[in-house]
Amino acid sequence: MCDAAIADAAIPDAVLAWYDRHRRVLPWRAPPGAAADPYAVWLSEIMLQQTTVAAVKSYFSAFLARWPNVDALARAPAEEVMRQWAGLGYYSRARNLHACAKTVSAKFGGQFPDEEAALRALPGLGPYTAAAVAAIAFCRKAAVVDGNVERVLSRLYAIEAPPPAGKRLIYARAEALTPAERPGDYAQAMMDLGATICTPKSPACAICPLNGACAAFRIGDPARFPVKAAKPERPLRRGAAFYVARPDGAVLVRTRPPKGLLGGMTEIPGSPWTEDFDEAGAPRHAPVEARYRRLARPVEHSFTHFALQLSVYVGEAGANMPAPDGCRWAAADLENEALPTLMRKLVSAARRREFGGDL
DNA sequence: TATTCGTGGGG
DNA sequence: TCCCCAAGAAT
């Protein structure tokens with residue numbers, strides 16, 4: 001018990017010393033000693049929710065170039081924000097991002113609140129993000145617990161309890177360890193440690209600055225932690241999509257409802273996606289009367305909680321055919337559309353026109 | 001509390 | 001190939 005307490009007291013300094021030598025250089029990170037831009041910190045943290053650093057980089061620089069501060073982002077049309085976000089996933093983040101920018105601009109004079117509780121009240125900021133912005137942008141002592149920190153701490157203390165109890169134990173450890181000095185660097189250090197040393201599969205314990213204090217390392221099986229809940233199986237849903245193009249290449253599209261899957265994004269019209277989809281009944285979901293040809297192979301896409309197979313029907317429209325209710329014509333380049341990856345995949349497949357030999 | 005929400009890369 | 005999962009939040 002005494003040994004553990006002594007080791008705990010030494011952990012923040014050990015982590016910070018490691019960070020000073022091995023920190024990752026990232027576009028949203030201020031140089032050592034420099035003040036962080038709260039707007040850039042917030043923007044990066046929203047983008048990084050459940051999203052890899054590699055995927056975020058180009059989106060972050062594009063957003064920052066286009067909207068250099070929170071007031072500029074607040075003034076942007078929602079459709080442009082969605083379009084700029086297209087491809088990054090979890091699109092409710094983009095809506096909350098815009099709503100948050102408007103709140104900060106209108107109610108806080110363009111300055112982010114500098115306390116964790118006030119940040120937590122903003123749209124899109126949950127426990128993790130509020131703590132991260134408070135610590136990194138405002139040097140507040142806040143317990144920052146993301147997936148990396150969970151992994152590091154669950155190993156450090158060999159926490160066996162499955163969630164949610166295990167997560168509460170982890171959070172308590174995080175609060176106890178968070179230092180008053182350099183809380184932002186400490187948070188980023190723990191995340192860097194998790195991302196580069198204390199990795200999910202084969203952690204590099206030999207070069208870890210915490211191996212001397214790590215219970216899981218002592219036990220000899222660090223990869224066993226954190227203990228996770230069993231994952232539900234992923235069902236297969238199927239449906240039909242109708243790619244209708246005019247001679248000039250314009251494509252019939254529509255906007256999905258603002259909430260739910262791919263909320264507010266542009267889609268190719270089609271049927272609902274269900275586990276008991278009936279291919280024979282597909283034509284009744286066609287947006288316009290036309291002669292359709294079905295692609296030889298369906299478009300496949302994998303979401304987090306279900307897999308999807310879409311039959312693609314390709315039809316041709318006259319040059320001046322009006323768009324039916326709820327649909328519109330999008331220019332052939334689709335540049336002004338918030339197209340999620342699934343829909344880009346679908347458009348590419350339709351334009352390849354691989355119908356097979358049977359039709 | 002348990003689900004729902006994307007996407008791309010790595011093992 | 002398939003499964004895992006990555007700086008989680010909202011409901």
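Source: prediction; values computed, not measured. Residue numbering restarts at 1 for every chain, and letters A, B, ... go by the order of the sequence lines.
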According to ring-ring contact (aromatic ring centres under 6.0 Å, His included), who are the partners of [X], at least two apart in sequence or on a separate chain?
| X | result |
| --- | --- |
| Phe63(A) | Trp67(A), Trp85(A) |
| Trp28(A) | Phe60(A) |
| Tyr313(A) | Phe242(A) |

query: Within 45° of the six-membered ring axis of Trp273(A) and under 6.0 Å from that ring's centre, is NZ or CZ of Arg238(A) located there?
result: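 So Arg238(A) doesn't make the cation-pi contact.
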field: Ring-face cation contact, Tyr157(A) with Arg173(A), 6.0 Å cut, 45° max
entry: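 Satisfied, under 6.0 Å and within 45°.
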Spacing of [X] atom [atom1] relative to [N] atom [atom2], expressed in whole Å:
| X | N | atom1 | atom2 | answer |
| --- | --- | --- | --- | --- |
| Glu233(A) | dT3(B) | CD | C1' | 15 Å |
| Ile46(A) | dC5(B) | CD1 | C1' | 15 Å |
| Lys167(A) | dA2(B) | NZ | P | 12 Å |
| Leu346(A) | dG6(B) | CG | C1' | 16 Å |

field: Phe303(A) or Pro164(A), whichever maps to the more 5' nucleotide of DNA chain B
entry: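 Result: Pro164(A).
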query: If you measure from the P atom in dT4(B) to the same atom in dA7(C), how many Å do you get, rounded?
result: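 One P to the other, the span is 24 Å.
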field: P-based separation of dT11(C) from dG6(B) [nearest Å]
entry: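 The same atom, P, in both gives a distance of 14 Å.
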task: Using the test side-chain contact (heavy atoms from CB on, under 4.5 Å), find all partners of Arg234(A) that sit at least two apart in sequence or belong to another chain.
output: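 Testing Arg234(A) for side-chain contact (heavy atoms from CB on, under 4.5 Å), a comparison that skips the adjacent residues, returns Ser302(A), Ala307(A).
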Please report, to 0.1 Å, the donor-acceptor pairs under 3.5 Å made by any side chain of residues 115-130 of chain A, with sequence neighbours excluded.
{"from": "Arg120(A)", "atom 1": "NH1", "to": "Leu125(A)", "atom 2": "O", "distance (Å)": "3.2"}
{"from": "Tyr128(A)", "atom 1": "OH", "to": "Glu45(A)", "atom 2": "OE1", "distance (Å)": "2.7"}
{"from": "Thr129(A)", "atom 1": "OG1", "to": "Gln49(A)", "atom 2": "NE2", "distance (Å)": "2.9"}

- request: Spell out protein contact along nucleotides 3-11 of chain C as letters: B when the base is contacted, S when just the sugar-phosphate is, - when no protein heavy atom is under 4.0 Å; keep the 5' to 3' order.
  value: --SBBBSSS
query: Do any side-chain nitrogens or oxygens of His301(A) fall under 4.0 Å of OP1 or OP2 in dT7(B)?
result: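 Yes.
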message: Less than 4.0 angstrom between a side-chain N/O of His305(A) and OP1 or OP2 of dT4(B), yes or no?
response: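 The answer is no; no side-chain N or O of His305(A) sits under 4.0 Å from OP1 or OP2.
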field: Residues touching DNA chain B, which here means a heavy atom under 4.0 Å, drawn from residues 260-270 of chain A
entry: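 When residues 260-270 of chain A is checked for heavy atoms under 4.0 Å from DNA chain B, the hits, listed by number, are Gly260(A), Leu261(A), Leu262(A).
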field: side chain to side chain donor-acceptor pair (under 3.5 Å) partners for Thr178(A), two or more places apart
entry: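 Thr178(A): no side chain to side chain donor-acceptor pair (under 3.5 Å) contacts found.
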- request: With sequence neighbours excluded, tell me which residues meet salt bridge (Lys or Arg N to Asp or Glu O under 4.0 Å) with Arg353(A).
  value: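 Only Glu316(A) meet the salt bridge (Lys or Arg N to Asp or Glu O under 4.0 Å) criterion with Arg353(A).
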